[in-house]
Amino acid sequence: NAGVTQTPKFQVLKTGQSMTLQCAQDMNHNSMYWYRQDPGMGLRLIYYSASEGTTDKGEVPNGYNVSRLNKREFSLRLESAAPSQTSVYFCASSEDRLKYGYTFGSGTRLTVV
Amino acid sequence: QQPVQSPQAVILREGEDAVINCSSSKALYSVHWYRQKHGEAPVFLMILLKGGEQKGHEKISASFNEKKQQSSLYLTASQLSYSGTYFCGTGNTGGFKTIFGAGTRLFVKA
């Protein structure tokens, strides 16, 4: 039972480069989320997908795009990376967030130089 | 809109109790609690909904005070394994956006 799988685990980008963070869940959850975590700031919601085919902005969407490829996969794209996007990115999914909360992936540590 | 957690950090000896508070400036519909160990993903502990006051089991439980717009997490007879950062996440409606606090770092020593 893999849960939520994120790739890559670590990445270093140069300013201006683009990349896509991948996330897949095998729990048949409807909703999926992308959060970023910065020291002293907790988790901040970037984008979420309530169900396959829908996506919506969270608290800090600027500089990011997402794609809900199918029910299992939810990717996060940085089109032109900036040092301010250095962070740890967590993908999460939920069967019923008001009963079972979120299941998080192990995270992607991204550094933009 | 970020909920405020207090204290920011706490150090306990094994067997001691702790209370972590989470306060919101807006009316709350739901409060999640998570624990994150260093370098790992947050792990869900419990969720409380509007209308429900207390939840959990003997060692880890939480309360939800709608009037005060706050929730408290109670850690009883702490164990070394309780060490980590505790986050509360709040929802003001039944919607999909959960806003997390900055976290409370808990360290339990032998």
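So you know, we letter chains A, B, ... as the sequences are listed, proteins then strands, and number each from 1.
- For T98(B) and Y102(A), the side-chain atoms include at least one donor-acceptor pair closer than 3.5 Å.
- Ring-centre distance between F104(A) and Y34(B): below the 6.0 Å cut-off.
- When the candidates Q5(B), Q2(B), Q36(B) are compared by the number of heavy-atom contacts under 4.5 Å with chain A, Q36(B) comes out ahead.
- Applying the salt bridge (charged side-chain N to carboxylate O under 4.0 Å, His left out) rule to E40(B) yields no partners; only residues at least two apart in sequence or on another chain are considered.
- Neither Y74(B) nor Y86(B) shares a network with the other; the hydrophobic side chains, linked directly or stepwise wherever heavy atoms of I, L, V, M, F, W or Y lie under 4.5 Å apart, form separate groups for each.
- In this structure, I60(B) is a member of the same hydrophobic cluster as I20(B), with clusters built from ILVMFWY side-chain heavy atoms closer than 4.5 Å.
- The interface of residues 35-57 of chain A with chain B, defined by heavy-atom distances below 4.5 Å, comprises Y35(A), Q37(A), G40(A), M41(A), G42(A), L43(A), L45(A), Y48(A), A50(A), K57(A).
- By number of non-hydrogen pairs under 4.5 angstrom with chain A, the leading residue of F96(B), W33(B), F87(B) is F96(B).
- Here the shortest heavy-atom pairing between R97(A) and H32(B) reads O-CE1, 3.4 Å.
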Chi angles and distances behind the side chain to side chain contact (heavy atoms under 4.5 Å, CB included) call for I99(B), E59(A): CA-CA 8 Å; I99(B) 308 301; E59(A) 300 171 79; 3.3 Å; yes
Please test Y100(A) against I47(B) for side chain to side chain contact (heavy atoms under 4.5 Å, CB included), starting from the C-alpha separation and ending with a verdict. CA-CA 7 Å; Y100(A) 310 115; I47(B) 183 169; over 6 Å; no
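- Across F90(A) and P42(B), no two heavy atoms sit closer than the pair CE2-CD, 4.0 Å.
- Linking ILVMFWY side-chain heavy atoms closer than 4.5 Å, directly or via other members, places L21(A) and Y33(A) in two distinct hydrophobic clusters.
- Cluster membership for F100(B) and Y89(A), using ILVMFWY side-chain heavy atoms within less than 4.5 angstrom, is not shared.
- Crowding of K68(B) atom NZ: a count of heavy atoms from other residues, nucleotides or ligands under 6.0 Å not exceeding 12.
- L98(A) and L49(B) make their closest contact through O-CD1, 3.7 Å (heavy atoms, listed as atom of the first residue, atom of the second, distance).
- Put simply, I11(B) and V108(B) are part of two different groups of oily side chains (I, L, V, M, F, W, Y) that touch within less than 4.5 Å, one to the next.
- Atom CZ of R109(A) has 12 or fewer neighbouring heavy atoms from other residues, nucleotides or ligands inside a 6.0 Å radius.
- Contacts between S106(A) and chain B at a heavy-atom distance below 4.5 Å involve the backbone alone (N, CA, C, O).
- Counting non-hydrogen atoms of neighbouring residues, nucleotides and ligands closer than 6.0 angstrom, the CZ atom of F44(B) exceeds 12 such neighbours.
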